[in-house]
Amino acid sequence: MDWIDLGLVALRVVVIFGLLQVVTILLIWFERKVVADMQNRVGPDRAGPFGILQTVADGVKLFFKEQVTPRKVELGLYLAAPMLAAVPAFLMFMVVPFGRPVRINLGGEDRLIPIQGADLNIGLLYVLAMSSVAVYAVVLAGWSSGSKYPLLGGVRATAQAISYEAAMGLSLVPVVLFTGSLQLSEIVTAQSGSLTFFDRAIALPAWNVIVLAPSFLIFFIAAVAETNRAPFDLVEAEQEIVGGFHTEYSGLRFALFFLAEYINIFTMSGLAVTLFLGGWAGPTWDGSVPLLVSAVLPTVWFFLKVVVFLFIFVWLRATLPRLRYDQLMTLGWKRLIPASLVWLFFIGGAMAVRQFGLPWG
Amino acid sequence: MMAEPTATTDIWVSGTEAPDVSEWMVAGTDEGAQEMERDETVERSVEQRGSRVVDDWVVDDSVDDDERMIVNMGPQHPSTHGVLRLNIELEGEIVRRVKPIIGYLHTGMEKTAETLTFLQGGTNVTRMDYLAPLHNELCYSLATEKLLGVEIPPRAQAIRILMTELNRVSSHLVATATNGMDIGALSMMMYGFRERELILAFFEKTTGLRMNHNYIRPGGVAADLPDGWEEDVAEILERIPLAMRDYEDLLKENPIWLGRTRGVGIITADECLAYGVTGPTLRAAGVPWDLRKSQPYSGIEAYEFDVVTGSRGDVYDRYRVRIGEMHQSLRIIEQVVDTMPRGDYKTTDRKVSPPPRQRIDESMEALIHHFKIYTEGFKVPAGETYVAIEAPRGELGCYLVSDGSGAPLRMHTRAPSFSNLQALPIMMADSLVADTVACIASLDPVMGDVDR
C-alpha cells in the first residue's frame with residue numbers, strides 16, 4: 001500500500017459517490033417516465049431533452065426550500081435521521097463490483113484495480129449490516145418528528161425491517177453455501193463460465209439464478225420490502241399515513257430521504273445482479289476488440305442487467321395495490337421465512353452429499 | 001382547572017420557549033381530540049332532551065392509556081375524499097372508535113334554494129353531488145313537475161334517462177378509480193379518469209359544461225341532443241366495456257386486491273336498513289333494492305336491466321356491484337339509443353317552458369310568457385312533495401314545499417352520501433388503519449352531497 005494505492009481508493013470513492021447521484025437523477029426520471037407511459041400520461045418533458053433534467057430542477061428546488069422544523073421534534077435525532085438514511089445508502093454500494101478488475105501499470109508496478117469501492121472479504125455481511133442501519137433512519141425519523149402519522153410509519157418500519165431482514169439473510173445463505181464465499185467479487189467469479197451438470201457443460205451461464213431460483217425470488221421480494229417500495233410501501237403509504245416517516249421533513253432533509261430511497265433501489269438491483277445474475281459477467285470478446293472496449297464491456301453488462309431490475313421495481317409500483325400491515329407480516333413470517341428455511345435445508349443437504357457422498361453410500 | 005387562554009399563552013413567538021398549553025386544553029388531550037372526550041354536561045342535557053343515542057362502545061380498561069392514540073384523519077387528508085374528518089381512536093394499528101365529523105363543505109344550498117326560482121334551482125342543486133350533477137337536477141325537476149302536474153314529452157324523458165345513466169357510469173368510474181388508488185393501485189386512478197373523460201366530453205358537447213350542467217330542468221331538458229350524438233354514444237358504448245375488461249384484469253383476481261378488500265368493511269343488510277344506507281352499499285349486502293325498479297321514474301321501466309347485488313357486503317362486493325352496475329347502465333343506454341323517440345325535448349306548456357325565440361317576435365302572448373318566466377319564474381301550485389331517484393350513491397330524494405309562488409318555500413335533499421356516512425363506524429369497528437381508507441373509498445361519499 002503506497003500513495004498511489006491510497007489515491008486510487010480515494011478516486012474510486014469519489015467516482016462512486018458521483019455515480020450514485022447521477023444514477024439517482026436518472027432513476028427518478030426513468031421511474032416517472034415509465035409510470036407515465038403505463039398510465040397513459042406524458043410524464044416530465046419540459047426540463048431538458050425528454051425532461052431528463054426534471055430531477056435536477058426538483059433537487060435545486062428542494063435545496064432552496066425552507067427547512068421547517070416542527071415545534072415538538074426531538075431535535076438531535078430529527079436532524080440526524082436524514083443523514084442516517086443517506087450515509088448507509090452510499091456506503092452499501094461501495095462493495096458492489098460493477099466491472100471487471102483492470103490491471104494497469106502504475107508507478108512501475110502492475111496493479112490490479114477492482115471496479116468497486118472496496119473488495120471486502122465479508123462483503124455480504126457488510127451489505128446486510130448497512131441495510132439494517134438504514135432502517136434506524138426511518139424509525140428515528142418517525143419517532144423524533146413528534147407527530148402521529150410519522151410515528152405510525154416508524155412503527156411499521158420497525159416491524160417490516162425485522163421481518164424482511166430475516167427473510168433476506170436466510171435467502172442469501174444458499175448463495176454463500178453454493179459459492180463458498182462472502183466476498184462479492186468471488187461470488188461473481190464463481191458465476192463466470194457456463195453451467196455444469198454432473199461435470200457436463202450446459203449451454204447456460206453459471207448464474208446462481210438458475211440453480212438457486214427460490215433464493216432469488218425470496219431475495220427479490222425481501223429487497224422490495226427492504227427498500228419500502230410498492231407493494232410494500234406501508235412505511236410511506238401516502239393514502240393512509242400521509243407519507244409516514246417523512247411527513248414532517250421538508251427541503252434538503254426530505255431530499256436526503258428521497259436520495260437514500262433511490263440509491264437503495266439501485267443498490268438492491270445491483271446486489272441482485274451480483275449475487276444471482278453473474279454480476280458484470282458477459283461476453284467481452286477479449287483480444288478481438290480494442291482493449292478499452294473489452295475493459296468497459298463488463299460494466300455495460302452490469303448496468304444493463306440492473307436496468308432490468310429497476311424496470312421491475314417501477315413496474316410493480318404501477319401495477320400492484322399495497323399490502324396491509326398484517327398481510328405483510330403474514331407474508332414475511334409465514335411464507336418467506338419458512339420457505340427459505342426449507343430451501344436452505346435442501347441446499348445444505350445437497351451440498352453435503354456432493355462433498356461427502358450419500359451417508360449410506 | 002381550565003385557565004382562560006391569555007394573550008401570552010395564546011400566541012407563541014418563534015424562538016421563545018413554547019407555552020404550556022396542556023392547562024387550557026380539555027383534560028390535557030392533544031389537539032383536536034376534544035370531540036372524543038366524554039363531557040358530563042353534554043351527556044346530561046342529551047338525556048334531558050331525550051335525544052340520547054346508545055353508544056355500545058365500552059372502554060376496555062385492560063389497555064393502558066398510553067397505548068391509545070387519537071388521530072385526526074382529515075379534513076386535509078389525501079384519502080378522505082374531500083373534507084371529511086374522522087376522529088379515530090387507535091390502539092397500535094387497530095381502529096377502536098371512529099367518529100366522522102362533517103360540515104367542512106357546508107354552503108347552505110338548501111337555504112339558498114328558497115331564494116332561487118324553480119327555474120334557477122337547477123344551478124343550485126347540480127352543485128350538491130358534483131360527481132352526479134344530472135341526478136340532482138333530475139330529482140329536483142321531477143319534484144317540481146310533480147307539483148306542477150305537467151306532462152313531459154317522451155323524448156325529454158328518454159334524454160333524461162340517457163344522460164343520468166351516462167352520469168352513473170362516469171360516477172362509478174370515479175368511485176372505482178379512487179377505490180383503486182386508496183388501496184395503492186395507482187394506475188387504476190388514471191385509467192378510471194381516462195374513460196370518464198369520454199363521457200364528460202359528451203356532456204360538454206350536449207350541455208356546454210363538464211360538470212354542474214343545469215341541463216335537466218323542470219319541464220324537460222335545456223337543449224336537444226347535439227348533431228351526431230349517436231356516434232359519440234356509440235363510441236362510449238364500445239370503449240368503456242373494453243376499458244372495464246382492463247380493470248378486471250388489473251384487479252378482479254389480483255391476490256393483493258382480494259386480500260385488501262375481501263372481508264373488509266363488512267356491513268350486513270340489517271345494519272344497512274337500520275342506518276338508511278342505500279345504493280351500491282346496500283345492494284352489496286344482498287338487498288336487491290333499486291329505486292329504478294321499485295319506484296320507476298322518467299320512463300325507466302320501459303328498459304330492460306338487472307339489479308346487481310352482492311352477498312358479503314364487503315369492500316370487494318361493493319366494487320363488483322359498481323362494475324356490474326356500469327354494465328347495466330350501458331345496457332340501458334344502448335336501448336335508449338335504439339328507441340329514442342322523436343319530438344319535443346321540453347314541454348310545450350308555455351306557463352312552464354319559455355317559448356322559442358322566434359315566437360317572441362310574432363306573438364304578444366309569447367313575449368309575456370318569456371318575461372314572466374325569466375323575472376318571477378313560473379308559479380308552482382301550493383303543496384308539498386317528495387320524489388326519490390336512484391343516484392349512483394343511493395336514494396337521492398328531494399322534498400319540496402311550495403306556497404304557490406315562483407320559488408320553493410322549503411327544499412330539502414335526502415342525500416345518499418350523508419346517510420351512508422353514518423355506517424362508517426360500523427364498518428370500521430376493530431379494523432386496521434389501512435382499512436379505513438378502503439372503507440371510505442368503497443362508500444364513495446361526496447362531501448358536497450353530505451354537507452349541502
Side-chain angles (χ1 to χ4, degrees), chain A residues 31-32 34-43 66 68-73 146-156 158-160 221 229-244 247 314-331 335, chain B residues 12 14 17-19 21 30-33 69-74 76-81 88 90 92-94 178-195 197 243 246 249-251 254-261 264 431-438 440-441:
Chain A
E31 170 168 40
R32 293 179 64 173
V34 171
V35 171
D37 255 12
M38 289 176 176
Q39 296 182 342
N40 282 36
R41 293 184 288 121
V42 181
E66 186 190 356
V68 181
T69 310
R71 215 198 304 171
K72 283 184 175 175
V73 298
S147 181
K148 290 168 182 174
Y149 289 122
L151 182 65
L152 279 175
V155 172
R156 286 178 176 194
T158 322
Q160 184 169 338
I221 294 172
R229 293 282 298 180
F232 305 112
D233 57 344
L234 298 93
V235 174
E236 304 169 27
E238 169 122 9
Q239 290 86 6
E240 297 154 23
I241 52 173
V242 212
T247 307
V314 176
W315 190 11
L316 286 176
R317 184 185 152 186
T319 316
L320 292 180
R322 185 181 303 113
L323 285 168
R324 206 170 54 199
Y325 185 62
D326 57 327
Q327 292 163 348
L328 182 86
M329 292 295 118
T330 312
L331 179 68
R335 306 270 189 285
Chain B
W12 173 66
S14 169
E17 198 187 327
V21 290
D30 217 326
E31 70 281 341
M69 176 161 83
I70 290 174
V71 175
N72 271 296
M73 210 172 190
Q76 274 88 27
H77 186 280
S79 309
T80 51
H81 290 222
I88 299 179
L90 291 178
E93 280 259 340
I94 302 167
T178 49
N179 201 345
M181 188 187 67
D182 285 347
I183 292 178
L186 297 174
S187 298
M188 190 57 222
M189 179 76 181
M190 303 313 291
Y191 297 159
F193 274 75
R194 178 183 66 191
E195 268 68 63
E197 207 59 24
D246 284 352
D249 286 347
L250 192 64
L251 298 177
N254 185 329
I256 301 180
W257 177 263
L258 281 169
R260 284 296 307 275
T261 54
V264 169
S431 62
L432 291 166
V433 179
D435 293 336
T436 57
V437 290
I440 300 173

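Computed from a predicted model, the values in this text were never measured in an experiment. Just so we're on the same page: letters track the sequence lines, and every chain starts at 1.
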Interface moiety of [X] toward chain A, non-hydrogen atoms closer than 4.5 Å:
X: B:Asp182; result: both
X: B:Met188; result: neither
X: B:Met181; result: both
X: B:Arg260; result: both

Worksheet item: What residue among B:Asp435, B:Ile256, B:Val433, B:Ile183 forms side-chain contact (heavy atoms from CB on, under 4.5 Å) with A:Arg324?
Response: B:Asp435

Worksheet, complete the sentence: Closest non-hydrogen contact found for B:Asn72 with A:Tyr149 is O-OH, 3.0 Å

Discussion item. Can you tell me which portion of A:Leu151 sits under 4.5 Å from chain B's heavy atoms? Options are side chain, backbone, both or neither.
Written reply: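 Side chain only.
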
Item to complete: Without swapping roles, check the side chain of B:Glu93 against the backbone of A:Tyr325 for a donor-acceptor pair under 3.5 Å.
Response: no

Worksheet item: Do the side chain of B:Ser187 and the main chain of A:Thr319 share a donor and acceptor less than 3.5 angstrom apart?
Response: no

Discussion item. Would you compute the distance between atom CE of A:Met38 and atom CG of B:Leu186 and round it to the nearest 0.5 angstrom?
Written reply: 12.5 Å

Item to complete: Quick one: which of B:Gly180, B:Ala438, B:Gly184 has the most heavy-atom pairs under 4.5 Å with chain A, could you say?
Response: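 Result: the option with the highest number of such pairs is B:Gly184.
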
Discussion item. Can you confirm whether B:Met189 sits close enough to A:Gln39 that some side-chain heavy atom of one is under 4.5 Å from a side-chain heavy atom of the other?
Written reply: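 No; the side chains remain at least 4.5 Å from each other.
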
